[in-house]
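The first residue of the sequence shown is numbered 1, and numbering continues consecutively from there.
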Amino acid sequence: MTVCLLLLTAVALTAAVPAPRTLVRSLWPEREPVVALWVWQCLVATVLMCCVAALTLGAAAVFHTVRDRVFAPAPPAVAAAYDLSVAPLWAVTLTFLLACGAAWTTAMLARELVEARRRRDRTRAHLRERAPELPAGLPAARGPMLVLEDEYPDAWWMPGHPPQLVVTTGALHRLTDHQLDAVLTHERGHARAHHDWPLHLSSALATGFPRVPLFSHFCDQTHRLVELAADDTASRRCGHLTTAMALIELNQHRGVLSCASSRRLLGERVDRLLEPPPRLLRRQRALTTTVAALVPLLPLLITLVPGLTALG
């Protein structure tokens, strides 16, 4: 058990500190935002898997009830291979900290989901006020797209059941048909990829553990990568120049080319669309995706090796 806990701790620390810093400094994520987002999610899954595996082993060593339940289907030799008879003090402390971390993570995720639902309900109520239902006898105004009477140019996809694309008349007047198609394709790209879920997850982890480099970088990079991925979806359908011009027209009043930190991402997106970076080769994308998917299995392998060795 001691060796397993030490290895799990080493893997978790590696994935939580040096790995995200290296990934942030890399240049290839800008070329493949979808693959990069997958790599970030796999890194987070690796850390969480390490914590769950270590918590399970530690709880099995500290509490006989947990040990009996975890190793009930296994032969006695498997339980003996983990040497759970005596739990050192550091293992007890680690188990307690991991249990507190698991409870805190669950609370942060629940809080994020509840607040997201409240924000969505408030937004829908506000939209119902601005776009009231039509009188009885007229066709229903509900559908996948809602047009609001507003001179402020804006467009966004509102997740939920059912999801809805909201566009203002200001955007319809400012954008050409091709530019509007690019904006709608961008927003549909968010919806099809369910980008709201990684955004909720990253926000919850960053809020709950702000001092963990992986979670803070994961939150920042998720917000950036989902926009780059949606830009790529729009540019493949409508062209890079059209998408860039639509982005500029839609955000010109906000200072899209400003150097302020809050506007910097918009400027980067425009530059990237005007000068699109070359994509990775197909085999490079496949290799990166496969390796990233295998990394979260490492904690499971570390945990199961003693038991499998005993069976062998």
Side-chain angles (χ1 to χ4, degrees), residues 1-58 90-91 93-102 104-105 108-109 112 197-229 261 264-265 268 272 277 279-281 283-305:
M1 180 194 69
T2 301
V3 175
C4 289
L5 289 179
L6 291 177
L7 288 176
L8 290 171
T9 303
V11 172
L13 290 177
T14 301
V17 182
R21 290 175 177 170
T22 302
L23 190 55
V24 168
R25 290 193 295 266
S26 301
L27 299 178
W28 70 264
E30 183 179 350
R31 302 165 61 184
E32 294 293 343
V34 175
V35 178
L37 186 60
W38 171 251
V39 172
W40 278 106
Q41 292 173 336
C42 289
L43 275 179
V44 172
T46 301
V47 172
L48 296 180
M49 285 289 293
C50 286
C51 293
V52 171
L55 177 59
T56 303
L57 287 178
W90 68 269
T93 305
L94 179 62
T95 302
F96 175 76
L97 293 176
L98 289 174
C100 294
W104 183 247
T105 301
M108 290 295 101
L109 288 173
E112 176 65 25
W197 286 106
L199 288 173
H200 291 324
L201 174 62
S202 63
S203 297
L205 293 175
T207 302
F209 304 93
R211 294 184 179 275
V212 178
L214 172 61
F215 297 152
S216 59
H217 288 313
F218 178 48
C219 183
D220 295 338
Q221 293 300 312
T222 297
H223 283 78
R224 175 174 178 265
L225 292 173
V226 297
E227 294 299 334
L228 298 185
S261 59
R264 193 172 300 156
L265 178 58
E268 291 178 0
R272 181 175 178 271
R279 299 191 63 185
L280 298 179
L281 299 177
R283 63 174 180 272
Q284 292 176 319
R285 297 197 300 269
L287 179 61
T288 303
T289 302
T290 303
V291 171
L294 293 176
V295 171
L297 300 179
L298 184 58
L300 186 62
L301 180 63
I302 293 173
T303 306
L304 295 180
V305 162

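- Counting only heavy atoms from C-beta outward, the side chains of H223 and S203 approach each other to under 4.5 Å.
- Applying the salt bridge (Lys or Arg N to Asp or Glu O under 4.0 Å) definition to pairs two or more places apart or across chains, those involving residues 215-225 are R224-E268.
- Residues W38 and T288 fail the side-chain proximity criterion, which asks for heavy atoms closer than 4.5 Å.
- To the nearest 0.5 Å, atoms NE2 (H217) and CG (L23) are separated by 9.5 Å.
- A donor-acceptor pair is defined here as one N or O able to donate and one able to accept, closer than 3.5 Å; such a pair exists between the side chain of W104 and the backbone of G208.
- Residues L55 and T95 meet the side-chain proximity criterion, which asks for heavy atoms closer than 4.5 Å.
- For the pair L205 and C219, the minimum side-chain heavy-atom distance is 4.5 Å or more.
- Sorted by first and then second residue, the pairs that involve residues 31-48 and meet salt bridge (Lys or Arg N to Asp or Glu O under 4.0 Å), not counting sequence neighbours, are E32-R279, E32-R285.
- Residue A91 comes nearest to L5 through the heavy atom pair CB-CD1, 4.1 Å, listed as atom of the first residue, atom of the second, then distance.
- The CD1 atom of I302 lies 11.5 Å from the CG atom of L297; values are rounded to the nearest 0.5 Å.
- Applying the side-chain contact (heavy atoms from CB on, under 4.5 Å) rule to L6 yields the partners T2, W90; only residues at least two apart in sequence or on another chain are considered.
- Residues Q41 and P198 are in side-chain contact: their nearest non-hydrogen atoms beyond the backbone lie under 4.5 Å apart.
- Inter-residue side-chain proximity for F218 and L43 is flagged as unmet; no heavy-atom pair is nearer than 4.5 Å.
- Other residues, nucleotides and ligands place more than 12 heavy atoms under 6.0 Å from the CG atom of L281.
- Considering only residues two or more places apart in sequence or on other chains, A45 meets the side-chain contact (heavy atoms from CB on, under 4.5 Å) condition with P296.
- By the side-chain contact (heavy atoms from CB on, under 4.5 Å) test, R25 is found to be paired with R21, T22, residues two or more places apart in sequence or in another chain being considered.
- Put simply, OG1 on T46 and CG on L294 are 10.0 Å apart, with the number rounded to the nearest 0.5 Å.
- Atoms CG and CD, from L37 and Q221 in turn, are 10.0 Å apart once rounded to the nearest 0.5 Å.
- Take F215 and apply the ring-ring contact (aromatic ring centres under 6.0 Å, His included) test, not counting sequence neighbours, and it matches F209.
- Smallest separation of non-hydrogen atoms from A36 and P29: CB-CB, 3.5 Å.
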